[in-house]
Structures are given as C-alpha cells and as structure tokens.
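Here's the structure we're looking at; comments come further down.
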2 protein chains.
Amino acid sequence: MQFATNGYERTTIRAVAADARIDAAMVMRYFTNKETLFKACIRQDPLLPDLSGVPTDELGLTIARTIVLRWSDPAAVGLLWATTTNQETANDIHTNYRDQIAQLAARIGPPEQALERAALVGSQIAGLAFARVVLKLQPLADMQLAALAARIAPVLQHYLTGDLGLTGDLGSMIRR
Amino acid sequence: MQFATNGYERTTIRAVAADARIDAAMVMRYFTNKETLFKACIRQDPLLPDLSGVPTDELGLTIARTIVLRWSDPAAVGLLWATTTNQETANDIHTNYRDQIAQLAARIGPPEQALERAALVGSQIAGLAFARVVLKLQPLADMQLAALAARIAPVLQHYLTGDLGLTGDLGSMIRR
DNA sequence: AGCATAAGCCAACAGGCGTTGACTTGTCGC
DNA sequence: GCGACAAGTCAACGCCTGTTGGCTTATGCT
C-alpha cells in the first residue's frame with residue numbers, strides 16, 4: 001500500500017494505479033479524487049477484541065499483547081500514520097480508538113476519569129508504535145513481541161486502574 | 001515556521017521566502033536546496049537540563065515537567081514531527097534524544113538496560129506529544145501542564161528505575 | 001446479433017514545484 | 001569616485017502533480 005509506506009503527500013495516483021496494474025484514470029473514475037481514495041483506504045476496524053471475560057488486573061497485559069501484535073505490521077502503522085496529514089481524518093480515527101478504550105475504562109472505574117485514562121493509554125500505544133515501526137528506534141524495533149508487551153503492560157494497567165495522582169503531587173505509585 | 005505547521009512536503013520554498021519577505025532565489029542562494037534548508041531548521045538543542053542534583057526517586061517528575069513544558073510549544077513538536085518524512089534525519093534526532101536519556105539511566109541502574117529504558121521513556125514522551133499537540137486529542141490537549149506532568153511522571157519513573165519484568169511475565173508492579 | 005454499459009487506455013490540460021541564470025541594486029574599502 | 005562583492009529581483013526551465021475527456025475494447029443482457 002502506497003499510502004502506508006510513503007504517506008499521503010508522497011503517494012501519487014499514478015503510483016497507486018501502477019501497483020494495481022491499472023490506468024490512473026481508472027482510479028479517478030472509481031474514487032473521484034485523491035482524498036476520497038485515501039479515506040477509502042483507512043476505513044477502521046475495531047481496535048480491541050471483546051475483553052469482558054478478562055480479569056481487571058490482567059487488562060494491561062491483554063491489551064498490550066493485542067496492540068503490540070497488531071501494530072507490528074508496518075502497513076497498519078504506516079496507514080495510521082498517514083492520517084496525520086489530514087487533521088479531520090486523524091481526529092475521526094483517533095477519537096474512535098480513544099473511545100473504545102474509554103468504554104472499557106468506564107466499566108472498571110469512575111466514568112468521569114474514563115476519557116483521560118483512555119487518552120493516556122492511547123498516548124503510550126501511539127508512542128510505542130511510532131518509535132518502533134516508524135522510527136525503527138533500537139532496541140524497541142528488534143524486541144520480541146512478548147517482551148515488548150510485558151514492558152508496557154504495567155503502564156497500561158496503571159493508566160487504566162492505577163492512582164492517577166489527581167492532586168498533582170507524585171502520587172502513591174512512586175512512594176511505594 | 002512553515003516546516004513545523006505544514007510538514008516537509010507541503011512546505012514550499014516560495015512560502016518560506018514569502019514569510020521572510022524575501023525572494024525564493026535568495027533562499028536557494030543561502031541553502032542550496034530544500035533539504036539543506038530543512039536540516040538547518042532542525043538543529044537540535046539538548047533535551048534535558050542537568051539532572052545530577054535530582055534525587056533518583058524524583059527523576060520521573062522532573063523529566064516529566066521539563067518535557068511537558070518544552071513540548072507544549074506546537075512549533076517545537078511540529079518541527080520534531082516534520083522529521084518523520086526523512087528517515088535519515090529522524091534517526092539522527094531521535095537516537096540523540098534516546099542516548100541523552102540512556103546516559104542518565106546508565107548512571108542509576110544496570111548499563112545494559114539503559115538503552116531499553118531510555119527508548120521506553122522516549123516512546124511515552126513521543127506518544128504524549130503526538131496525542132496532545134499534533135492530534136489535539138482531548139482531554140490531553142487541554143490539560144494543565146502540572147497535571148499532565150503528574151500523570152506521566154510515575155510511568156517515566158517506572159521505566160527508569162522500576163522492574164521491567166524481564167522474564168516476560170507480569171512483573172512485580174502489577175501484583176503489588 | 002445488437003446494443004447498453006462497464007472497463008480500460010491515451011493524450012493532454014493547468015497549475016505548482018524546485019531550481020537556475022542573468023540581471024539590477026545596494027554597500028563597502030580605497 | 002570606483003571597482004568588488006554581497007543582496008536582491010525577475011522570468012523562465014523542466015518536471016511532476018491531480019484531473020479531464022475522448023476514444024477503444026470487453027462484457028453481459030435481450
């Protein structure tokens with residue numbers, strides 16, 4: 001997929017057409033313009049599987065495993081990344097992901113904290129995908145999936161169920 | 001800064017020149033081409049201040065405060081973001097940042113873990129900057145600096161000094 | 001077979017891009 | 001004043017882009 005590897009700007013309709021062994025005019029006939037073509041490429045599937053059976057204290061690890069597995073595919077991350085060039089589509093996609101996590105967070109804790117917890121979870125996931133797949137930053141890029149999941153699992157768990165330190169001081173987590 | 005707000009591809013030399021109330025040919029005379037101009041724009045200053053006087057168990061919060069403050073400036077984050085389009089410059093910049101943190105990590109823990117710990121810290125920082133400034137994802141985008149720093153401080157602290165769960169299981173952090 | 005519709009191809013358009021080179025204007029030291 | 005050199009302007013180049021319209025070929029229905 002051209003959009004995934006090159007981003008929106010550097011992807012040309014001619015290149016997409018050539019990939020599909022088709023004329024560029026055909027692409028235009030079916031998608032009318034570049035933006036529509038792009039939006040058609042990034043239709044999103046659900047981020048998380050059904051987690052209702054998972055014990056609360058294993059959510060972090062379960063999510064970590066799912067996410068690390070899915071977002072080790074450069075095509076998936078690249079596509080997600082390409083949304084950055086279009087503020088509108090970026091907002092759609094990422095608030096959707098955030099809300100999926102927020103729904104989960106609302107079930108296991110105070111609903112008024114759900115959005116914030118979800119956004120924090122999302123920030124760690126996005127940062128990891130970015131560093132690992134886009135930047136190929138070592139040693140993250142070469143780590144095994146299981147090890148990687150184990151590293152971020154406690155953090156996701158903390159964001160979901162831990163003490164956020166609402167008073168602004170260090171919070172209980174550090175002092176322990 | 002055009003590169004910061006529009007990224008590399010969408011920034012035109014003509015626009016940069018117009019910003020500076022100068023002819024485009026002048027830009028070429030001084031920077032020879034677009035890539036050189038870009039590299040000149042992203043010269044990096046040190047990520048962290050001197051942290052030698054900070055107690056080990058307050059490193060997370062101190063770093064969090066510094067980073068959140070610095071990377072709330074959309075221009076700074078945008079510029080960092082623009083590096084993504086050029087794999088080479090992206091690698092230069094981000095490994096540099098990682099190594100600064102790794103140096104710190106090596107002073108307070110096993111040196112063989114320093115790179116990994118630093119990369120994890122970096123992933124959380126990058127993810128937060130991305131979600132907050134590029135994506136403007138709520139509620140992160142509107143949170144106060146102090147609150148934001150307090151949220152990620154425990155995580156940075158954990159990545160720097162905590163148990164990484166090297167065996168691949170949940171690690172001590174969750175079970176506590 | 002005949003025909004409507006889809007699939008596919010080709011050439012071209014208008015516009016924007018990075019980049020170039022020739023040219024004019026200002027600013028110094030002497 | 002005068003020559004050297006930097007600063008600045010202008011028009012144009014070749015190229016690539018998204019997009020268009022007209023043309024030819026295949027496909028399937030009656």
Side-chain angles (χ1 to χ4, degrees), chain A residues 1-44 74-94 130 133-136, chain B residues 1-44 74-94 130 133-136:
Chain A
M1 166 66 66
Q2 289 278 333
F3 283 124
T5 57
N6 300 330
Y8 183 82
E9 321 282 352
R10 291 208 292 222
T11 294
T12 72
I13 292 191
R14 282 171 170 87
V16 172
D19 263 18
R21 267 181 285 276
I22 259 182
D23 192 273
M26 280 289 96
V27 178
M28 294 300 295
R29 199 191 282 293
Y30 286 108
F31 296 95
T32 60
N33 58 33
K34 188 179 180 182
E35 193 178 345
T36 308
L37 167 65
F38 177 60
K39 285 184 181 171
C41 288
I42 56 169
R43 66 153 179 285
Q44 42 195 326
V77 178
L79 214 52
L80 199 74
W81 220 248
T83 63
T84 317
T85 52
N86 187 329
Q87 186 76 248
E88 182 199 344
T89 58
N91 220 275
D92 283 359
I93 293 213
H94 293 269
F130 174 61
V133 182
V134 179
L135 242 45
K136 297 188 187 27
Chain B
M1 166 68 64
Q2 289 278 333
F3 283 123
T5 57
N6 299 330
Y8 184 82
E9 321 282 353
R10 292 207 291 219
T11 294
T12 72
I13 292 190
R14 284 171 169 87
V16 173
D19 262 19
R21 266 182 286 277
I22 259 182
D23 193 275
M26 279 289 96
V27 178
M28 295 300 296
R29 199 192 282 291
Y30 286 108
F31 296 96
T32 60
N33 57 33
K34 189 179 178 181
E35 194 178 344
T36 308
L37 168 65
F38 178 59
K39 286 185 180 171
C41 287
I42 55 169
R43 64 154 183 284
Q44 41 194 327
V77 178
L79 216 50
L80 200 71
W81 218 247
T83 63
T84 317
T85 52
N86 187 330
Q87 186 76 250
E88 181 199 345
T89 57
N91 219 276
D92 282 1
I93 293 214
H94 293 268
F130 174 60
V133 182
V134 179
L135 242 46
K136 297 188 186 29

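Residue numbering restarts at 1 for every chain, and letters A, B, ... go by the order of the sequence lines.
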Calculate the interatomic distance between [X] atom [atom1] and [N] atom [atom2]; express it in whole Å.
X	N	atom1	atom2	result
Phe31(B)	dG18(C)	CZ	P	15 Å
Asn6(B)	dC17(C)	CG	P	11 Å
Met26(A)	dT19(D)	CE	C1'	13 Å
Ile22(A)	dA7(C)	CD1	P	10 Å
Glu35(A)	dT17(D)	CD	C1'	16 Å
Asp23(B)	dG18(C)	CG	P	13 Å
Glu9(B)	dC16(D)	CD	C1'	13 Å
Met28(B)	dA11(D)	CE	P	19 Å

Hey, can you tell me if Phe130(A) and Trp81(B) have their rings parallel, tilted or perpendicular (30° and 60° cut-offs)?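 Parallel, since the angle between the ring planes stays under 30°.
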List the atom of Leu135(A), the atom of Ala90(B), and the distance in Å for their closest heavy-atom pair.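 In this case the closest contact between Leu135(A) and Ala90(B) is CD1-CB, 4.0 Å.
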Exercise. For the side chain of Lys136(B) and the backbone of Gln87(A), is there at least one donor-acceptor N/O pair under 3.5 Å apart?
Worked result: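 No, because the side chain of Lys136(B) does not come within donor-acceptor range (under 3.5 Å) of the backbone of Gln87(A).
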Under 3.5 Å, side chain of Arg10(B) to main-chain N/O of Glu9(A), donor-acceptor pair present?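 No; zero donor-acceptor contacts below 3.5 Å.
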*asked:* Side chains of Thr89(A) and Asp92(A) only: does a donor on one sit below 3.5 Å from an acceptor on the other?
replied: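 Checked: Thr89(A)/Asp92(A) side chains show no N/O donor-acceptor pair below 3.5 Å.
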- Query: Does Tyr30(B) have a side-chain nitrogen or oxygen under 4.0 Å from the phosphate oxygens OP1 or OP2 of dA7(D)?
  - Reply: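 So the side-chain polar atoms of Tyr30(B) do come within 4.0 Å of the phosphate oxygens OP1 or OP2 of dA7(D), strictly under.
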Does anything in residues 10-21 of chain A reach DNA chain C, meaning a heavy atom under 4.0 Å, and if so which residues?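 Correct list: Arg14(A).
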>> Suppose we call two aromatic rings close when their centres sit under 6.0 Å apart. Are Phe38(A) and Tyr8(A) close by that rule?
In response: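 Between Phe38(A) and Tyr8(A), the centre distance is under 6.0 Å.
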### Task
Ignoring the backbone of Ala25(B), work out which of dT19(C), dG21(C), dG22(D) is nearest its side chain.
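The nucleotide sitting nearest to the side chain is dG21(C).
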Tell me which nucleotide among dG8(D), dG22(D), dG18(D) gets nearest to the side chain of Arg29(A).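 Of dG8(D), dG22(D), dG18(D), dG22(D) is nearest to the side chain of Arg29(A).
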Check your understanding: When you look at Met1(A) and Thr11(A), which way does the side-chain contact (heavy atoms from CB on, under 4.5 Å) test go after all the steps?
Key -> CA-CA 10 Å; Met1(A) 166 66 66; Thr11(A) 294; over 6 Å; no
